[in-house]
Engineer: 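The structure's right below; bear with me while I get my questions together.
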Amino acid sequence: MTADPPAAIATQEKEIRLDNIILLKALWPFIRPYAWMLGLTTLLVFVVTFFELLMPLLTQKAFDGFILPTGPESFAILAGIKITSFTNFCLIFAGITCAAFVIDFCQSLFMEYTGQKIILGLRCELFAHMTGLPVSYYDKNSSGRLVSRVAGDIENMNEMFTSVLVFIFKDLVLMAGILGVMFFINSQMAVTLFLVVPFIIVSVLAFSKLLRNAFRTIRQKIAEINHSFSEGIIGIKIIQTIPSKEQFMKRFARLNQEHFSAAMFQIKIFAMFMPFIGFLGVTSIAVILWTGSFAIMDQTLSLGELIAFLSYMKLFFRPLRDLSEKFNLLQNALSSAERIILVLQQPKARERITRTRSPLRTIDRIEFENIDFSYTPKEPVLKQINFSLEKGKSIGIVGQTGSGKSSIINLLTGFYRPDAGRILINHIAHDSMDITDIRSRTALVMQDPFLFSGTIRENITPRQESHKDSRLESALEKADCTFLSEKFAGLDTLIREGGNPLSSGEKQLVCIARAFAFDPDLIIFDEATSYMDSQSEQRVHGAMKKLMQGRLSIIIAHRLSTIRDCDQILLLRDGRIREKGSHRELIDLNGEYHHLLKKEMI
């Protein structure tokens, strides 16, 4: 049940390939709420494009009407209005330029806002979805790989929504408009540009396929690097103290070199594409100059029209170069979108929400009937598990590592489902109940106490509830957490990453205080006193006994001293209950439990 090694991650990443239509369908629910904003942005794009197309025409009017007039009179006609003053013409030109600036600013603002809102929804949905995935999903995927989805891949999607899609649309509209205006000015010369368009289309399609594959490889290598880096951070003490440090560093260096090679391949492709587009642009301008000069001498073309034509040619290849850069970002974003969508397509843990059954108000009894379970097919972990537990009673579960102790907890809390048998809560089938109801009435105190970054108050306050500090302070007192007010700032004590500045025993006591504040019916201790000194263990034991009063309690332990006071003890071996009874009954049985007790006392 461990996360994938780098080789497995590489294989899985290479398998991530989705069609653009599938990506669009998957992303549409996040885009749909802001469709009207995208529509407004699109309208502004048309307006901005209109002004950009208007500028070369105004330049032509200036040359042919005022600077080098083609007739005896100096004038220009704009929108059917005759303008005879060059000053007025320049004022109109300046006014149009200012209007274009304002509209372009509004369009950029709307576009950025819309993109950020889409990314906000996508990031929140991705995180919410990941929190609802079954625990088995996290057993198979490393934390570094998943972090790269929420961080790196989402950021690439941000680029697509805020800097790519609308600009690509704008550039395409601009290019289409330029072709139309050029045909209006001189259709024969416009045909010259049309001869270049097929080469552009073929080159874009060819390079796009190469770029998508290159970015897939880059994202794969980033996932592997994140996985390796995450391993390094978690095991930093081991890395610094074992001889295999150099081996770990070599592996990390190899992954970075592979990422470098993939990035350089993408750069080489892009470096070939951009000069090719530039070559087409220079060639087209040279042909226009050649044919245009002869047309001027034949008086079939004015100087202003040639200048406007050259301006449009330059304007045509500018969005084409922009498209090349944006296309580079788009391929990167689409490769990231593939990975995000695949996470969102992972089925959530089935929550078994039942509206026909009244909500679970309290847990009074638990029963396991003939439970079989395995994490992987044909490798059973639990076999024919039978026991029951009633309110106010406690049950201890002991056994060697791998005997199936924690698997019982995973089944009870709904993280996994049994292969056979039934779990009953208050004589009702576990599978027919809303799992959130069961979990809301259950508190887990785990082997590795976990506290979130923030204050003690934030850590122990029940979800979606507000409690007075007096109740929270009462929970701390019951859990023997007086050290918080003696050494720190009480409820306002700030907890950093890893639970610092608290010791392991102190963190566990705070976790018990959190259970007191939640007031559960079922309390589960999973190796809660492991890795503690004897003094801390005694304090935790004292807090545990207080918490167990009047509740159903399940205690998983290696040390028998932890569970000797339980009403019933289960001894597991190879996934089966080998012995069952109270501490005294198992001693009198003189079996495995008695043997383990004697070994522990030596």
Engineer: Between CZ of Arg439 and OG1 of Thr413, what distance do you get to the nearest 0.5 Å?
Structural biologist: 6.0 Å
Engineer: For Arg573 and Arg578, work out which heavy atoms get closest and say how close.
Structural biologist: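 Where Arg573 meets Arg578 most closely, the heavy atoms are O-NE, 3.1 Å.
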Engineer: When you measure from the side chain of Arg514 to the backbone of Ala475, do you find a donor-acceptor pair of N or O atoms at a distance under 3.5 Å?
Structural biologist: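 Looks like no, no N/O pair under 3.5 Å.
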Engineer: Do the side chains of Asp521 and Arg551 get close enough for a salt bridge, i.e. N-O under 4.0 angstrom?
Structural biologist: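 Salt bridge flag = no for Arg551 with Asp521.
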Engineer: Kindly assign one of parallel, tilted or perpendicular to the pair Tyr375 and Tyr416, based on the angle between their ring planes and the thresholds 30° and 60°.
Structural biologist: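 Answer is perpendicular, since the angle exceeds 60°.
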Engineer: Nearest 0.5 Å please: distance from the SG atom of Cys566 over to the CD1 atom of Ile555.
Structural biologist: 4.0 Å
Engineer: Tell me whether Ser394 contacts the main-chain N or O of Asp567 through its side chain, where contact means a donor paired with an acceptor under 3.5 Å.
Structural biologist: yes
Engineer: May I have the step-by-step check of salt bridge (Lys or Arg N to Asp or Glu O under 4.0 Å) for Asp372 and Lys383, ending in yes or no?
Structural biologist: CA-CA 5 Å; Asp372 292 342; Lys383 310 164 193 173; over 6 Å; no
Engineer: Please confirm whether the backbone N or O of Glu458 pairs with a side-chain atom of Thr461, one donor and one acceptor, at under 3.5 Å?
Structural biologist: no
Engineer: To check you understand the geometry: which heavy-atom pair defines the closest contact between Val381 and Ser407, and what is its length?
Structural biologist: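 Where Val381 meets Ser407 most closely, the heavy atoms are CG1-OG, 3.3 Å.
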Engineer: Donor-acceptor pair, distance only, cut-off 3.5 Å: does the side chain of Asn426 make one with the backbone of Arg365?
Structural biologist: yes
Engineer: CD1/Ile395 to OG/Ser582 distance, rounded to the nearest 0.5 angstrom?
Structural biologist: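 These two atoms lie 12.0 Å from each other.
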Engineer: When you compare the side chain of Ile460 with that of Val510, does any pair of heavy atoms fall below 4.5 Å?
Structural biologist: yes
Engineer: Going by heavy atoms in the side chains, are His430 and Ile438 under 4.5 Å from each other?
Structural biologist: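 They are in side-chain contact.
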Engineer: Take Leu571 and Ile577 through the side chain to side chain contact (heavy atoms under 4.5 Å, CB included) test and state the conclusion after the steps.
Structural biologist: CA-CA 6 Å; Leu571 187 144; Ile577 298 177; over 6 Å; no
Engineer: Looking only at non-hydrogen atoms, find the nearest pair between Ala543 and Leu509 and report the distance.
Structural biologist: CB-CD2, 3.9 Å
Engineer: Could you state the interatomic distance from CG (Leu586) to CG (Leu597), rounded to the nearest 0.5 Å?
Structural biologist: 10.0 Å
Engineer: Mind listing the closest non-hydrogen atom pair of Thr482 and Ser485 along with its distance?
Structural biologist: O-OG, 3.0 Å
Engineer: Go through the steps to decide whether Leu382 and Leu411 satisfy the test side chain to side chain contact (heavy atoms under 4.5 Å, CB included), and finish with yes or no.
Structural biologist: CA-CA 10 Å; Leu382 295 176; Leu411 294 176; 3.7 Å; yes
Engineer: Does Glu390 form a side chain to side chain contact (heavy atoms under 4.5 Å, CB included) with Asp364? I'd like the steps, not just the answer.
Structural biologist: CA-CA 6 Å; Glu390 296 182 352; Asp364 297 317; over 6 Å; no
Engineer: Check side-chain contact (heavy atoms from CB on, under 4.5 Å) between Asn370 and all other residues, then give those that pass, not counting sequence neighbours.
Structural biologist: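 Partners of Asn370 by the side-chain contact (heavy atoms from CB on, under 4.5 Å) criterion, ordered by chain and then number, come out as Gln384, Asn386.
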Engineer: Please examine the side chains of Met433 and Ile428, heavy atoms only from C-beta on, and report whether any two atoms are closer than 4.5 Å.
Structural biologist: yes
Engineer: May I ask you to decide whether Glu506 forms a salt bridge with Lys487, counting only side-chain N to carboxylate O separations under 4.0 Å?
Structural biologist: yes
Engineer: Please indicate whether Lys546 has more than 12 foreign heavy atoms, meaning atoms of other residues, nucleotides or ligands, lying under 6.0 Å from its NZ.
Structural biologist: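 Atom NZ in Lys546 is packed in, count exceeds 12.
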Engineer: Are any side-chain N or O atoms of His129 and backbone N or O atoms of Val343, one a donor and one an acceptor, separated by less than 3.5 Å?
Structural biologist: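 Between the backbone of Val343 and the side chain of His129 there is a qualifying donor-acceptor contact (under 3.5 Å).
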Engineer: Side-chain donor-acceptor contacts of residues 113-122 below 3.5 Å, not counting sequence neighbours, with atom names and distances?
Structural biologist:
unit_1, atom_1, unit_2, atom_2, d
Thr114, OG1, Phe110, O, 2.7
Gln116, NE2, Asn158, OD1, 3.4

Engineer: Would a distance-only check, ignoring hydrogens and angles, find a side-chain to backbone donor-acceptor pair under 3.5 Å from Lys405 to Gly399?
Structural biologist: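 Yes.
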Engineer: Among residues two or more places apart or on two chains, list those pairs meeting ring pair (Phe, Tyr, Trp, His ring centres under 6.0 Å) that have a residue in residues 443-462.
Structural biologist: Phe450-Phe452
Engineer: Taking Thr376 for its side chain and Glu379 for its backbone only, find out whether a donor-acceptor pair lies under 3.5 Å.
Structural biologist: no
Engineer: Could you check whether Ser403 and Asp574, counting side-chain N and O atoms only, form a donor-acceptor pair closer than 3.5 Å?
Structural biologist: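 No donor-acceptor contact under 3.5 Å links the two side chains.
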Engineer: State the CG-CZ distance between Leu476 and Arg471, to the nearest 0.5 angstrom.
Structural biologist: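 Interatomic distance, Leu476 CG to Arg471 CZ, rounded to 0.5 Å: 12.5 Å.
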Engineer: Can you check whether Pro501 reaches Phe488 side chain to side chain, under 4.5 Å on heavy atoms?
Structural biologist: yes
Engineer: Any idea which heavy atoms bring Pro520 and Thr442 closest together, and the distance?
Structural biologist: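 For Pro520 versus Thr442, the nearest heavy atoms are CB-C, 4.0 Å.
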Engineer: Mind checking whether Ile366 and Ser388 have side chains closer than 4.5 Å, heavy atoms only?
Structural biologist: no
Engineer: If only atom types and distance count, is the side chain of Glu477 paired as donor or acceptor with the main-chain N or O of Ser474 below 3.5 Å?
Structural biologist: no
Engineer: Step through the shown structure and confirm whether more than 12 heavy atoms of other residues, nucleotides or ligands are within 6.0 Å of NZ on Lys580.
Structural biologist: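 Result for NZ/Lys580: enclosed.
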Engineer: Any chance you could lay out the side-chain hydrogen bond (donor to acceptor under 3.5 Å, both in side chains) test for Asp492 and Thr455, step after step, and finish with the verdict?
Structural biologist: CA-CA 5 Å; Asp492 295 319; Thr455 64; 5.6 Å; no
Engineer: Tell me whether Asp419 contacts the main-chain N or O of Ser374 through its side chain, where contact means a donor paired with an acceptor under 3.5 Å.
Structural biologist: yes
Engineer: How about Leu412 and Ile524: do any of their side-chain heavy atoms sit closer than 4.5 Å?
Structural biologist: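 Yes, their side chains come closer than 4.5 Å.
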Engineer: Could you check whether any side-chain heavy atom of Val540 comes within less than 4.5 Å of a side-chain heavy atom of Ile512, counting everything from C-beta outward?
Structural biologist: yes
Engineer: Side chain of Glu579, backbone of Glu592: donor and acceptor closer than 3.5 Å?
Structural biologist: yes
Engineer: Could you tell me which non-hydrogen atom of Arg441 sits nearest to which non-hydrogen atom of Ile363, and how far apart they are?
Structural biologist: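 Between these two residues, the closest heavy atoms are CB-CD1, 3.7 Å.
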Engineer: Is there a side-chain contact between Phe387 and Ile408 (heavy atoms, below 4.5 Å)?
Structural biologist: yes
Engineer: Between the side chains of Glu473 and Ser470, does any donor sit under 3.5 Å from an acceptor?
Structural biologist: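 Side-chain D/A pair, Glu473 to Ser470: absent.
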Engineer: Side chain to side chain contact (heavy atoms under 4.5 Å, CB included), that's the test. Do Glu367 and His427 meet it? Break it down for me.
Structural biologist: CA-CA 8 Å; Glu367 298 172 78; His427 303 289; 3.2 Å; yes
Engineer: Calculate, to the nearest 0.5 Å, the distance between atoms CG and SG belonging to Leu444 and Cys511 respectively.
Structural biologist: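 SG of Cys511 is found 10.5 Å from CG of Leu444.
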